[in-house]
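Note on naming: letters A, B, ... go to the chains in the order of the sequence lines (proteins, then strands), and numbering restarts at 1 for each one. Since this is a predicted model, take the numbers as computed values, not measurements.
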2 protein chains.
Amino acid sequence: MDDRLSKVFAALADPTRRDLVARLTRADATVGELAEPYPISVQAVSKHLKVLEDAGLVTKARQAQRRPVHLEAEVFDLMTAWIERYRRQAEERYSRLDAVLADLNATDNPTEGIAS
Amino acid sequence: MDDRLSKVFAALADPTRRDLVARLTRADATVGELAEPYPISVQAVSKHLKVLEDAGLVTKARQAQRRPVHLEAEVFDLMTAWIERYRRQAEERYSRLDAVLADLNATDNPTEGIAS
DNA sequence: TCAATCATCAACCAAACGGTTGACAACGCA
DNA sequence: TGCGTTGTCAACCGTTTGGTTGATGATTGA
């Protein structure tokens, strides 16, 4: 029972899957169309799409025998939220550190060791 | 020879490693300090840190026996760049689709099939 | 109806992953 | 000098992953 964010990051850790996502930003496509450019079997691509689907990055519709695949771009927000949260935290910390260093410098104390 | 982005996403796919990153946004810390809260061995945490290091998310300094670990927040930019690029592409596409649908609607044609 | 098409399921395989324990390297300090 | 502390290396183990091939399901079109 892995959490959502783990699945999303894991899904995008594979270059083929990142490429699938990239192509799906341009247009929906069937499994066969998506598989065509890669030197691997259709089954392998189908598995990749399942991983993307489980991560919520993609949905499949049914249209006769075909399964048009559609990108669910909202998931990007989940990642962006995580990244930006900690980026901001890190930046705040560096600002604080800068302030401390400036203060130390002003009062002429030597710096030492790492931040506690 | 895996590419950088793959390593970064793979590194962040593990909840323990995401937590390590989260904690490192607050302060640098030694391997031992970082390992303390988790129910796994120090060696396992050391391995996690190696993965983060290989992905460029983290660097280790040497200070006596200790190895203070430091977050390299710039890597966030790499992910953000990738995500935002395709998010933007997807949004542009949806705008185009909206335009097409509006046009079809205006000329009273039925919609059919998926975008080519 | 029935063959062709599109996609998935199932079984299998090798490699990678996340964890373990045990040994050892490097360093500071008493 | 030598001992305690901190961290990594090495070997191992079970599970997951990314691929394969072969069979099967589902649906359309002739």
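As a whole-Å value, the separation of A:Tyr38 OH from D:dG19 P is 11 Å. One atom, CZ of B:Arg66, and another, P of D:dT8, lie 13 Å apart when rounded to the nearest Å. Atom CD in B:Glu33 sits roughly 16 Å away from atom P in D:dT5 (whole-Å rounding).
Judged purely by distance below 3.5 Å, without hydrogens or angles, the side chains of A:Thr25 and B:Arg85 never pair a donor atom with an acceptor atom.
Summarising the geometry, atom CD1 belonging to B:Ile83 is positioned 10.0 Å from atom CG belonging to B:Leu78; distances are rounded to the nearest 0.5 Å. B:His48 contributes atom NE2, which lies 4.5 Å from atom CG of B:Asp14 (distance to the nearest 0.5 angstrom). Between the CG atom in B:Asp28 and the CZ atom in A:Arg93 there is a gap of 4.5 Å [rounded to 0.5 Å]. Atoms CG and CD, from A:Asp77 and A:Glu84 in turn, are 11.5 Å apart once rounded to the nearest 0.5 Å.
Between A:Arg88 and A:Glu91, none of the side-chain N atoms (NZ, or NE/NH1/NH2) sits under 4.0 Å from a carboxylate O, so this pair counts as no salt bridge. Salt-bridge annotation for B:Lys50 and B:Glu53: absent, with no side-chain N of the basic residue lying under 4.0 Å from a carboxylate O of the acidic one.
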For residues 34-46 of chain A, dump all side-chain donor-acceptor pairs below 3.5 Å to protein atoms at least two apart in sequence or in another chain.
| residue | atom | partner | partner atom | Å |
| --- | --- | --- | --- | --- |
| A:Tyr38 | OH | A:Asp19 | OD2 | 2.6 |
| A:Tyr38 | OH | A:Arg23 | NH1 | 3.2 |
| A:Ser41 | OG | A:Ala44 | N | 3.1 |

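With sequence neighbours excluded, the residues satisfying ring pair (Phe, Tyr, Trp, His ring centres under 6.0 Å) with B:Tyr86 are B:Trp82.
The stretch residues 45-57 of chain A comes close to DNA chain D through A:Lys47, A:His48, each having a heavy atom under 4.0 Å from the strand.
Nearest-nucleotide positions on DNA chain D for A:Ala44 and B:Gly32 put B:Gly32 closer to the 5' end.
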- Task: Sugar-phosphate means primed atoms, P, OP1 and OP2; the rest is base. With that split, encode nucleotides 22-30 of chain D 5' to 3' as B, S or - using protein heavy atoms under 4.0 Å.
- Result: B----BS--
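Chain A approaches DNA chain C over the interval C:dT5 to C:dA11, counting the first and last nucleotide 5' to 3' with an atom under 4.0 Å from its heavy atoms.
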For nucleotides 13-16 of chain D, tabulate all protein N/O to nucleotide N/O atom pairs closer than 3.5 Å, reporting atom names and distance.
none

